[in-house]
There are 2 protein chains.
Amino acid sequence: MSHMRYSCLMAVDRDHVLRTAAALLTRKSTATMDEVAKAAGISRATLHRHFAGRDALVRALESLGIAECEAALDAARLDEGAARDAVHRLVREIEPAAGLLAFLYTENQLFEGEEQNAGWARIDERIAALFRRGQQSGEFRIDLTPAWLTEALYGLLASGAWAVSEGRVARNDFTHMIVELLLGGALRQPEQPREES
Amino acid sequence: MSHMRYSCLMAVDRDHVLRTAAALLTRKSTATMDEVAKAAGISRATLHRHFAGRDALVRALESLGIAECEAALDAARLDEGAARDAVHRLVREIEPAAGLLAFLYTENQLFEGEEQNAGWARIDERIAALFRRGQQSGEFRIDLTPAWLTEALYGLLASGAWAVSEGRVARNDFTHMIVELLLGGALRQPEQPREES
DNA sequence: CTGCTATGAGACATCAATGTCTCACATGCG
DNA sequence: CGCATGTGAGACATTGATGTCTCATAGCAG
């Protein structure tokens, strides 16, 4: 049966195209199907055979972004150890997907009426739960709502991705910059308290 | 001379159209010229008489955003008093323009090759200078670069504007959420140090 | 009243991106 | 070899936004 090999090859190519498209759209969110195809090294016709249209491509990218997010969430083991350490692991794990996330984050702003993929709600909830846990354990302040902390994390990830891609921030500082700002803020603290060694 | 009254009336209308367009494009960044015209209560022809095209409209919005930013920077008196208080004043003053800023912030991501308005560089520099002052006075930590703090402020303003417009954050909490997160971070601190009373 | 000006409405032409189609070619398998 | 399948190249039609144009009308100053 050629079906198995067929679907396997398709999946490989599909993934390659998807990653190339993600990389391109991260830099130029209005790139043409033509540009996406060229970037992936295939013709527009073939691109169209894999993804029925630009909509389908963006949806597929959304699924990819959700999958990578959930993988990062799993890898970060959000409910283990101190919440602050979990945040640090989360940002570190999610860093490779930050560009794609930034693209999808702004793209979602114009989905207006349409229902957005339910995956985001689950991701939002998992991240918000982490901040809630940190608040309940006394690690995090309670005057900043988990919803806002979640939103702020998205915003900082997007800002960080853009700042890196434009050379305003060193790529290696990405995680440190985001985690330190999100957790500790810009103010110089007299002592960095660690409640668990 | 009818010229004076003429230009005056034009300016008023122009400003009204600009503000309406800003409000609309903040919510739906891909709005049509037709939608912009309808939102402003004028016909597409008249809109086109004021702004030669979509490009010109966006450029005008950019100028408006820059002007509002600089006005906020002036009103915040960034070089007076403690740097943390200056940041607070800045966010408070810039809040009304946050939606427009968010739109322009993402719009700038796709200006790729073209040179961007020099006004942004000046604004960047003034904000970065504030953070630098805070670092030199010992108020702010020095491991987060002024460039990153500036970028992070933009990101938080955009996130905040979207979170408010989608009802995830209360409008009245906007300034508090942003300032507290940017300055203090999510971690609960044993004592909030105030180096000047 | 008489013109002048800004406007609204709408009819185009244009342009770019998209979606669909055909055809030729190459690769791989029986 | 002969056949099937995936692909690239390119020719279309379509669609949506845009830019430009004309014309009728309302408001206003002289």
Side-chain angles (χ1 to χ4, degrees), chain A residues 1-22 24-62 103 106-107 109-114, chain B residues 1-22 24-62 103 106-107 109-114:
Chain A
M1 295 307 232
S2 64
H3 286 80
M4 277 189 58
R5 194 176 39 72
Y6 167 79
S7 64
C8 176
L9 280 180
M10 290 293 283
V12 168
D13 269 339
R14 191 187 145 93
D15 191 73
H16 168 246
V17 171
L18 227 37
R19 307 225 165 246
T20 313
L24 173 61
L25 290 175
T26 290
R27 296 192 307 272
K28 181 176 162 63
S29 61
T30 58
T32 298
M33 293 292 275
D34 229 336
E35 301 177 87
V36 172
K38 273 188 178 50
I42 63 177
S43 73
R44 198 164 66 95
T46 303
L47 176 61
H48 220 273
R49 283 182 194 108
H50 287 331
F51 306 96
R54 190 192 177 77
D55 250 28
L57 177 63
V58 172
R59 293 306 172 102
L61 282 173
E62 192 176 32
F103 163 68
T106 57
E107 196 78 359
Q109 300 307 124
L110 56 84
F111 269 178
E112 242 196 325
E114 318 168 30
Chain B
M1 297 303 237
S2 65
H3 285 80
M4 278 188 59
R5 194 176 39 72
Y6 166 80
S7 63
C8 175
L9 279 180
M10 290 293 283
V12 168
D13 268 342
R14 191 186 147 95
D15 191 72
H16 167 246
V17 171
L18 226 38
R19 307 227 164 243
T20 312
L24 174 61
L25 290 175
T26 290
R27 293 192 308 272
K28 183 177 162 65
S29 62
T30 58
T32 299
M33 293 292 276
D34 228 336
E35 301 176 88
V36 172
K38 273 187 178 50
I42 62 177
S43 75
R44 198 165 68 94
T46 303
L47 176 61
H48 212 272
R49 282 182 195 109
H50 287 334
F51 306 96
R54 191 192 176 75
D55 249 28
L57 177 62
V58 173
R59 294 306 172 102
L61 281 173
E62 193 175 32
F103 163 69
T106 58
E107 198 78 1
Q109 300 307 125
L110 55 85
F111 269 177
E112 241 194 323
E114 317 167 32

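Just so we're on the same page: letters track the sequence lines, and every chain starts at 1.
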note: B/R54, atom CZ; C/dA16, atom C1'; distance rounded to Å ~ 14 Å
Nearest heavy-atom approach of A/L18 to A/A60 is CD1-CB, 3.9 Å
For B/R19, the salt bridge (Lys or Arg N to Asp or Glu O under 4.0 Å) test, sequence neighbours excluded, returns B/D15, B/E68
Original post:
Where do A/E35 and A/K28 land on the side-chain contact (heavy atoms from CB on, under 4.5 Å) test, with the steps shown first?
Top reply: CA-CA 10 Å; A/E35 301 177 87; A/K28 181 176 162 63; 3.5 Å; yes
Whole-Å distance, B/D13 CG to D/dG27 P, equals 15 Å
To the nearest angstrom, the CG-P distance between B/D55 and C/dC15 comes to 16 Å
What nitrogen or oxygen pairs link the protein and nucleotides 24-26 of chain D at under 3.5 Å?
none

Ordered by number, residues from residues 36-46 of chain B within less than 4.0 Å of DNA chain C (heavy atoms) are B/G41, B/I42, B/S43, B/R44, B/A45, B/T46
Tightest non-hydrogen contact, residues B/L24 and B/A39, listed as CD2-CB, 3.9 Å
When rounded to whole Å, the CG to C1' distance for the pair B/L47 and C/dT7 reads 13 Å
Separation of D/dA17 atom P from B/L25 atom CG, nearest Å, is 14 Å
- Message: If you apply the rule side-chain contact (heavy atoms from CB on, under 4.5 Å), what do you find for A/R54 with A/T32, and how did you get there?
- Response: CA-CA 9 Å; A/R54 190 192 177 77; A/T32 298; 5.8 Å; no
Against the side chain of B/T32, the closest entry in C/dT22, C/dT7, D/dA17 is D/dA17
Side-chain contact check for B/R49: nearest option of D/dG19, C/dT7, C/dG19 is C/dT7
Practice prompt. Look only at the side chain of B/S29 and the backbone of B/L25, and say whether a donor-acceptor pair between them is shorter than 3.5 Å.
Written response: no
From CE of A/M33 across to P of C/dT20 the rounded distance in Å is 10 Å
To the nearest angstrom, the CZ-P distance between A/F51 and C/dG19 comes to 13 Å
Those residues at least two apart in sequence (or on a different chain) that pass side chain to side chain contact (heavy atoms under 4.5 Å, CB included) with A/A56 are A/F51, A/A52
In whole angstroms, the gap separating C1' of D/dG19 from CG of B/D34 amounts to 13 Å
By side chain to side chain contact (heavy atoms under 4.5 Å, CB included), B/T46 pairs with (sequence neighbours left out) B/I42, B/S43, B/R49, B/H50
Between A/V36 and A/A21, the two heavy atoms sitting closest are CG1-CB, 3.7 Å
